[in-house]
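When reading the values below, keep in mind they use all heavy atoms of this one structure, side chains included, and skip hydrogens, waters and symmetry mates.
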Amino acid sequence: MRQISFFSVEASGPRLSDLAGVLCAQGRPTAFGRTAARLQVVVEQSWRARLLAAELAWRGVRVTLTRAECGSPLVRTAFQVDLLPMANAWLDGDEKVVPPGFRLDGGMLRLWALAAGRNESRGYFFPFDPEVPQTHAPLTAALAAAGVPGP
């Protein structure tokens, strides 16, 4: 079975498409008409916010760090034209969806791990967005295709 590496981003370089990893977790895309889009993600720890901000900046994305209404750290990108295709792929109206044929790579897994991943006794755990259960099955399939065993 083929298994990709968290660190394969080092071999291929950072790509804007890596930000899909944040959307695999609890990230949210927002399109601003047909002109621009942004991504935002509430994380549990400040260290996650700082590392995500650095990873996004490395990919040429402007980021602000703030607090969500719940008090947790919030990583929010600026509205950017180059984020629009990703937001459009991950949105069906206002609802977050997994794009058809979605395939994970190392850069995406790396950002997913930073947004929400954790080490557990059975291995590394990639949590899904609890508020969007329709994404769970396609993301389980994408993990399996990448060689990452499911629950």
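Once rounded to the nearest 0.5 Å, the distance linking CZ of R118 with CZ of F125 reads 5.0 Å. For the atom pair OG1 of T77 and CG of L56, the computed distance is 7.5 Å after rounding to the nearest 0.5 Å.
Residues T140 and F128 come closest through the heavy atom pair OG1-CZ, 3.2 Å. Scanning both residues, A53 and L65, for their nearest heavy atoms gives CB-CD2, 3.8 Å. In terms of heavy atoms, G123 sits closest to N119 at O-OD1, 3.7 Å. Residues G60 and Q80 approach most closely at O-NE2, 3.8 Å, considering heavy atoms. Here the closest heavy-atom approach between residue G117 and residue Y124 is recorded as C-OH, 3.3 Å.
Residues passing the side-chain contact (heavy atoms from CB on, under 4.5 Å) test with L84 are A31, A37, N88, sequence neighbours excluded. For P99, the side-chain contact (heavy atoms from CB on, under 4.5 Å) criterion is met by A89, W90, F102, not counting sequence neighbours. When the side-chain contact (heavy atoms from CB on, under 4.5 Å) test is applied to A68, the partners found at least two apart in sequence or on another chain are V42, C70, L74. Scanning for side-chain contact (heavy atoms from CB on, under 4.5 Å) contacts around S46 gives R50, R67, P73, with sequence neighbours left out. Every residue was checked against the salt bridge (Lys or Arg N to Asp or Glu O under 4.0 Å) condition with E69, not counting sequence neighbours, and none meets it. For R34, there are no salt bridge (Lys or Arg N to Asp or Glu O under 4.0 Å) partners at least two apart in sequence or on another chain.
The hydrophobic cluster containing F32 also includes F79, under a criterion of side-chain heavy atoms closer than 4.5 Å among ILVMFWY residues, counted directly or through chains of members. Cluster note: L91 groups with no other residue, as no ILVMFWY side-chain heavy atom lies under 4.5 Å from it.
Screening V22, L52, V41 for a side-chain contact (heavy atoms from CB on, under 4.5 Å) with L114, the sole residue that qualifies is L52.
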- Evaluate the criterion side-chain contact (heavy atoms from CB on, under 4.5 Å) for residue pair C24 and L104; output intermediate values, then yes/no. CA-CA 10 Å; C24 291; L104 284 163; 4.0 Å; yes
**OP:** Take L109 and F126 through the test side-chain contact (heavy atoms from CB on, under 4.5 Å) and record every step on the way to the result.
**Re:** CA-CA 9 Å; L109 278 174; F126 290 93; 3.7 Å; yes
Intermediate values then yes/no, side-chain contact (heavy atoms from CB on, under 4.5 Å), R28 and L39: CA-CA 6 Å; R28 292 281 191 276; L39 306 179; over 6 Å; no
In sequence, state the C-alpha distance, the side-chain angles, and the governing distance for R59 and D18, and then conclude on salt bridge (Lys or Arg N to Asp or Glu O under 4.0 Å).
-> CA-CA 9 Å; R59 289 159 177 82; D18 297 342; 2.9 Å; yes
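Pairs of residues two or more places apart, or lying in two chains, that qualify as side-chain hydrogen bond (donor to acceptor under 3.5 Å, both in side chains) and include a residue from residues 35-45 are Q40-R76, Q45-R48. For residues 82-96, the pairs satisfying salt bridge (charged side-chain N to carboxylate O under 4.0 Å, His left out) are K96-D129, with sequence neighbours left out.
Between the side chain of Q134 and the backbone N or O of V97 there is no donor-acceptor pair closer than 3.5 Å. Using a distance-only test at 3.5 Å, with no hydrogens or angles considered, no donor-acceptor pair links the side chain of Q26 to the main chain of E131. Counting only distance, with no hydrogens or angles, the side chain of W112 and the backbone of G107 share no donor-acceptor pair below 3.5 Å.
Hydrophobic cluster membership differs between V98 and V132, with clusters built from Ile, Leu, Val, Met, Phe, Trp and Tyr side chains linked at under 4.5 angstrom.
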